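Encoded as structure tokens, the structure appears first; notes follow it.
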Number of protein chains: 2
Amino acid sequence: MGLREIKKERVRKAILETARDMFFTRGYDETTIEAIAQKAEVAVGTVYNYFDSKSTLILAITAEDTSKALGDKFHIPESGSGLDGIKVYVNSFMKNLSMYPKRLLRELMREAWRSETALSKGIINQDLTLLDALSRLLRELAGKHKLKPGTDIEHASLTIYGIITTAIMWYAADDERTSRQMLESLEIMLQILFRGLNPEGGDK
Amino acid sequence: MGLREIKKERVRKAILETARDMFFTRGYDETTIEAIAQKAEVAVGTVYNYFDSKSTLILAITAEDTSKALGDKFHIPESGSGLDGIKVYVNSFMKNLSMYPKRLLRELMREAWRSETALSKGIINQDLTLLDALSRLLRELAGKHKLKPGTDIEHASLTIYGIITTAIMWYAADDERTSRQMLESLEIMLQILFRGLNPEGGDK
DNA sequence: TTTTATTATTGAATATATTCATGTTTGGAG
DNA sequence: CTCCAAACATGAATATATTCAATAATAAAA
């Protein structure tokens, strides 16, 4: 790696860390690009050489966090129902989330919808990691006969994903709501999903 | 109503309709407040006398649509499962949504997260209508013994709400996805929810 | 009708993300 | 070592949401 590359890495990291710091303490809206540039000791234009936009910056920061949080730790307990398997997984995801100030979480939700084609970037993309992990998990559960046979795995993952997303959204939207409360209602919703809503208990 | 009131109504309506028009044709980001003001024949400042911000404008417009769409038409078919009841309801909600250009939908999702306390305004608020309607619906279904006894109605509504929201988000995020596809996968997800994921078919 | 107070309108001023023409640095070729 | 092209950095210029002090219109009082 030449000097040029090294410098580039250094500058990139400086911008990223500075931005992260300021976003977490002051919030996204209150942090101007100019302030970031100043603290990172580069020009405004330089920030834009490294990141297409302010929202790219925050997305880059959080994407890194997410992939770290989801990366390793998900073990399915040998005993226990499918629900237990999911819960273990979801917990580490949520623990990561609760590190974020709510304000920032909201600003993040907002910015995630910014990219012209949201699918390729934005929140959806970050969530592809989650969705993917979920479907791997479900497939594994199905293999262990812990899922109703014939279940459409892709859609089941998407359903769980939707439930998780909803829990997060309500958590983020309401300053009063604690992460414990979020986890509790998430658990109830997952229970409902596993039990089903039909009265007979069977297929119907 | 004095002249003042009448004028006020007229101006408000002019701004709203002009904005609606431009948002739908050019998109939110491409429509400047100045352009709206010009077309509505008022000054920029006047727009701000009526609406706190640009995002307030789009939210006002869509909130109106939503409440219209949800207002009346939801009949629960006498025969049929609980799932059928939900589907009828969800369909009119979705029909309304598919009137929006995707671009605008995305911009809307974004702006909905803007208000400082998202719960009191924003998307969550619009959705309170939906959520409320869902829980009334579920309560009615429970009364008719079309729901598994002992189900936590509030959380069940929230679960369905989450599934709907997810379907909408994926629809909005992906230009390729048709509203038919959205409805199809929504239906599958609801089916999964009603059947449950546990293998035994029962409570477990 | 004239005067006064309240309410509404106005557009220039402000703040900030983003662009871009210009200048500077770097790694390597001769 | 000198010079060149490519890569990088810079900050003034641009665009646009939002604010606000000044002006105008309206309703009520005299």
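Every heavy atom of this structure was used, including side-chain atoms; hydrogens, water molecules and symmetry mates were not. Remember, predicted model here, so these are calculated numbers, not experimental data. Chain A is the first sequence line, chain B the second, and so forth, proteins listed ahead of strands; every chain is numbered from 1.
Stems are defined here as 3 or more consecutive Watson-Crick or G-U wobble pairs with pairing distances under 3.5 Å; those involving DNA chain C are C:1-30 with D:1-30.
The interatomic distance linking Glu5(A) (CD) with dC8(D) (P) rounds to 7 Å, in whole Å. Separating the CD atom of Glu9(B) from the C1' atom of dA8(C) is a distance of 15 Å, rounded to the nearest angstrom. Put simply, CD1 on Ile15(A) is 12 Å from P on dC8(D), counting in whole angstrom units. One atom, CG of Asp29(A), and another, P of dA17(D), lie 15 Å apart when rounded to the nearest Å. Residue Tyr28(B) contributes atom OH, which lies 8 Å from atom P of dA17(D) at whole-angstrom precision. With rounding to whole Å, Ile33(A) atom CD1 is found 15 Å from dG11(D) atom C1'. Between the CZ atom of Arg10(A) and the P atom of dA9(D) there is a distance of 11 Å, given to the nearest Å. Computed from coordinates, the Glu111(B) CD to dA17(D) P distance equals 10 Å when rounded to whole Å.
Two residues are said to be in side-chain contact when any heavy atoms from C-beta on lie closer than 4.5 Å; Met189(B) and Tyr161(A) fail this criterion. Using a 4.5 Å heavy-atom threshold, the side chains of Tyr50(A) and Leu16(A) count as separate.
Note on Lys8(A): a side-chain N or O is less than 4.0 Å away from OP1 or OP2 of dC8(D). Contact between the side-chain N/O atoms of Lys7(A) and the OP1/OP2 oxygens of dC8(D) is not found at any separation under 4.0 Å.
Note on Arg12(B) versus Glu17(B): no salt bridge recorded, every NZ/NE/NH1/NH2 to OD/OE distance being 4.0 Å or above. Using a 4.0 Å cut-off between charged nitrogen and carboxylate oxygen, Arg20(B) and Asp65(B) count as a salt-bridge pair. Between Lys39(B) and Glu34(B) no salt bridge is recorded (no basic side-chain N to carboxylate O distance below 4.0 Å). In summary, Glu5(B) and Lys8(B) do not engage in a salt bridge, as defined by a charged side-chain N under 4.0 Å from a carboxylate O.
Checked by atom type and distance alone, the side chain of Thr166(B) pairs as donor or acceptor with a backbone atom of Gly162(B) at under 3.5 Å. Lys102(A) contributes a side-chain N or O that, together with a main-chain N or O of Tyr171(A), makes up a donor-acceptor pair within less than 3.5 Å. A donor-acceptor pair under 3.5 Å is formed between the side chain of Lys54(A) and the backbone N or O of Tyr28(A). With Glu107(A) contributing its side chain and Asp29(A) its backbone, the two residues share a donor-acceptor pair below 3.5 Å.
Expressed to the nearest 0.5 Å, how far CZ of Phe194(B) lies from CD1 of Ile160(B) amounts to 5.0 Å.
Residues of residues 34-50 of chain B that place a heavy atom closer than 4.0 Å to DNA chain D, in numerical order, are Val44(B), Tyr48(B). Contacts between residues 16-24 of chain B and DNA chain D, defined by a heavy-atom separation below 4.0 Å, involve no residue at all.
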